[in-house]
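Here is the structure we will look at.
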Amino acid sequence: MYEDVLNSFCRYLIIEKGYSTNTSNSYRSDLEQFFKYTKTTSLKELGISSINQYLLTLKKREFQKSSMNRKLAALSSFIKYLLREKLITENIAVHIEFPKFRKRLPKTLSKQSITSLLKEKEALETEADTLHVRDKAMLGLLYFCGLRVSEVIELDIRAVNLPEGYIRVRGKGNKERMVPLNQEIIGLLENYQKLWPDLDKKYYFSKKNGKPLTRQRVWEILKKWGVQHAVKEKLSPHRLRHTFATNLLENNVDLRYIQEMLGHSNISTTEIYTAVSTKRLHEIYDKAHPRA
């Protein structure tokens with residue numbers, strides 16, 4: 001049976017590769033799906049035919065190409081792990097054909113939407129208002145610092161340095177980076193800390209009972225915030241992150257600095273924002289030029 005090897009592989013992802021528990025669980029889920037679809041019960045049955053069968057099944061079930069690529073990437077990593085542990089002798093991962101697809105350009109929020117989202121509330125008196133301040137501080141970190149939702153909910157209290165104007169963020173692969181804070185986000189975080197004086201927990205953001213927030217809860221908060229502020233565009237943590245990166249590029253910030261602040265390991269990932277910026281430039285030109 002393959003369960004013991006799968007358990008070892010998932011531990012390897014967390015301990016040696018520095019992946020999060022969520023990522024490790026996603027790999028496990030995709031690999032369990034592979035064994036289920038191909039009816040593979042042991043590593044001896046793992047071969048080119050089972051890979052081809054898996055590809056065919058994914059196509060029949062009409063998975064999106066992005067989902068197929070993710071599932072096949074998990075399988076490829078697993079095969080390389082088996083080679084590393086000398087549990088197989090042939091690198092059958094070379095026979096995996098990844099579907100090619102065009103990356104969709106990330107969507108950003110308009111300046112009007114950002115202005116509405118960050119508009120000041122006139123009075124702060126009730127308990128609901130203290131939650132408002134917390135939620136606005138979270139939204140501010142997503143937009144002003146380009147953090148991933150996982151990085152926001154896992155932000156360590158000791159990693160926030162308001163006097164020096166920076167935060168230390170632990171991102172994908174357990175890599176740490178420093179992200180600068182401007183005066184507006186510093187103000188939002190200072191307001192949050194005044195109304196939440198019992199910040200003696202591990203995580204910077206939490207529920208009132210001190211328990212950490214979940215990804216799902218942050219999504220719910222943003223959805224509610226968007227409705228309250230009459231934002232017509234879909235509001236999500238990743239769209240705020242995209243808006244952060246695109247705004248920096250439009251203001252002539254070097255792509256390498258944007259890569260560093262986003263925590264991208266490869267600059268090719270960051271380069272997609274140049275396409276967004278170029279697209280917007282064309283839109284401005286088409287509206288402004290009399291003969292366009």
Side-chain angles (χ1 to χ4, degrees), residues 2-3 5-7 9-14 17-41 43 45-82 91-108 142 146-154 171-173 214-220 222-223 233-243 245 262-266 268-273 275-276:
Y2 60 83
E3 284 88 351
V5 178
L6 196 52
N7 289 336
F9 172 64
C10 290
R11 285 196 297 271
Y12 158 78
L13 291 178
I14 294 172
K17 299 291 285 184
Y19 290 0
S20 68
T21 304
N22 284 338
T23 301
S24 174
N25 289 339
S26 296
Y27 272 66
R28 177 190 290 276
S29 177
D30 287 336
L31 290 168
E32 285 176 343
Q33 194 176 73
F34 164 77
F35 287 111
K36 177 184 175 183
Y37 286 171
T38 60
K39 297 180 180 178
T40 303
T41 57
L43 296 180
E45 299 172 26
L46 188 62
I48 299 170
S49 59
S50 57
I51 289 176
N52 290 336
Q53 182 187 344
Y54 186 47
L55 250 176
L56 190 62
T57 305
L58 293 178
K59 288 176 182 176
K60 282 183 178 179
R61 290 178 176 261
E62 297 183 343
F63 281 100
Q64 291 185 356
K65 289 181 179 179
S66 56
S67 297
M68 289 176 64
N69 273 336
R70 192 198 71 233
K71 294 175 185 297
L72 293 172
L75 179 59
S76 177
S77 295
F78 182 60
I79 290 169
K80 289 172 184 175
Y81 171 76
L82 297 177
N91 183 14
I92 54 176
V94 297
H95 300 286
I96 297 177
E97 294 183 14
F98 289 85
K100 294 180 180 178
F101 66 100
R102 290 181 63 188
K103 285 187 176 181
R104 288 181 295 178
L105 293 180
K107 294 181 179 179
T108 58
L142 290 165
L147 268 59
R148 302 177 178 95
V149 63
S150 58
E151 294 168 348
V152 168
I153 62 176
E154 294 172 6
K172 288 185 176 180
T214 62
R215 298 166 63 95
Q216 291 78 10
R217 182 61 188 138
V218 175
W219 275 81
E220 290 168 4
L222 288 182
K223 185 177 180 181
E233 298 158 295
K234 184 179 179 182
L235 189 60
S236 71
H238 226 61
R239 180 169 270 194
L240 286 163
R241 177 172 161 87
H242 291 324
T243 306
L262 290 173
H264 288 160
S265 57
N266 195 320
S268 62
T269 309
T270 319
E271 283 173 346
I272 192 170
Y273 295 105
V276 178

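Below, each value reflects all heavy atoms present in this structure, side chains not excepted, and no hydrogens, waters or symmetry copies.
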- Mutual orientation of the aromatic rings belonging to Y19 and Y27 [parallel < 30°, tilted 30-60°, perpendicular > 60°]: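 Geometry flag for Y27 against Y19: tilted rings.
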
- Query: Is the F34 ring parallel, tilted or perpendicular to the Y54 ring (thresholds 30°, 60°)?
  - Reply: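 Perpendicular, since the angle between the ring planes exceeds 60°.
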
How many angstroms lie between atom [atom1] of [X] and atom [atom2] of [Y], to the nearest 0.5 angstrom?
{"X": "R217", "Y": "L222", "atom1": "CZ", "atom2": "CG", "value": "10.0 Å"}
{"X": "L75", "Y": "S50", "atom1": "CG", "atom2": "OG", "value": "7.5 Å"}
{"X": "N25", "Y": "D30", "atom1": "CG", "atom2": "CG", "value": "11.0 Å"}
{"X": "Q33", "Y": "T57", "atom1": "CD", "atom2": "OG1", "value": "9.5 Å"}
{"X": "Y12", "Y": "K17", "atom1": "OH", "atom2": "NZ", "value": "4.5 Å"}
{"X": "I153", "Y": "L147", "atom1": "CD1", "atom2": "CG", "value": "11.5 Å"}

- Query: Do N7 and R28 have a side chain donor and acceptor closer than 3.5 Å?
  - Reply: yes

Search all heavy atoms of [X] against all heavy atoms of [Y] and return the closest pair with its distance.
{"X": "T38", "Y": "Q53", "answer": "CA-NE2, 3.6 Å"}
{"X": "L31", "Y": "A74", "answer": "CD2-O, 3.8 Å"}
{"X": "R148", "Y": "G171", "answer": "NH1-CA, 4.3 Å"}
{"X": "V218", "Y": "P237", "answer": "CG1-CG, 4.5 Å"}

- Item | Residues L55, I96; criterion side-chain contact (heavy atoms from CB on, under 4.5 Å); working and verdict | CA-CA 8 Å; L55 250 176; I96 297 177; 5.6 Å; no

Report yes if the side chains of [X] and [Y] come closer than 4.5 Å at any heavy-atom pair, otherwise no.
{"X": "T108", "Y": "L240", "answer": "no"}
{"X": "F9", "Y": "S77", "answer": "yes"}
{"X": "M68", "Y": "K59", "answer": "yes"}
{"X": "I14", "Y": "T23", "answer": "no"}
{"X": "L6", "Y": "E32", "answer": "yes"}
{"X": "L13", "Y": "Y81", "answer": "no"}

- Using 4.0 Å as the upper bound for N to carboxylate O, is an ion pair formed by K223 and E220? no

- Task: Could I get the full list of side chain to side chain contact (heavy atoms under 4.5 Å, CB included) partners for S236, not counting sequence neighbours?
- Result: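 With sequence neighbours excluded, S236 shows a side chain to side chain contact (heavy atoms under 4.5 Å, CB included) to W219, H238, R239, given in chain and number order.
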
- Mind checking side chain to side chain contact (heavy atoms under 4.5 Å, CB included) for L56 and listing every partner two or more places apart, or none if nothing turns up?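 Side chain to side chain contact (heavy atoms under 4.5 Å, CB included) list for L56, sorted by chain: K60.
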
- Examine distances only and state if a side-chain atom of S26 and a backbone atom of N22 form a donor-acceptor pair shorter than 3.5 Å.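 Checking the backbone N and O of N22 against the side chain of S26, a donor-acceptor pair under 3.5 Å is found.
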
- Task: I would like to know whether I51 and L72 meet side-chain contact (heavy atoms from CB on, under 4.5 Å); could you show each step before the answer?
- Result: CA-CA 9 Å; I51 289 176; L72 293 172; 5.7 Å; no

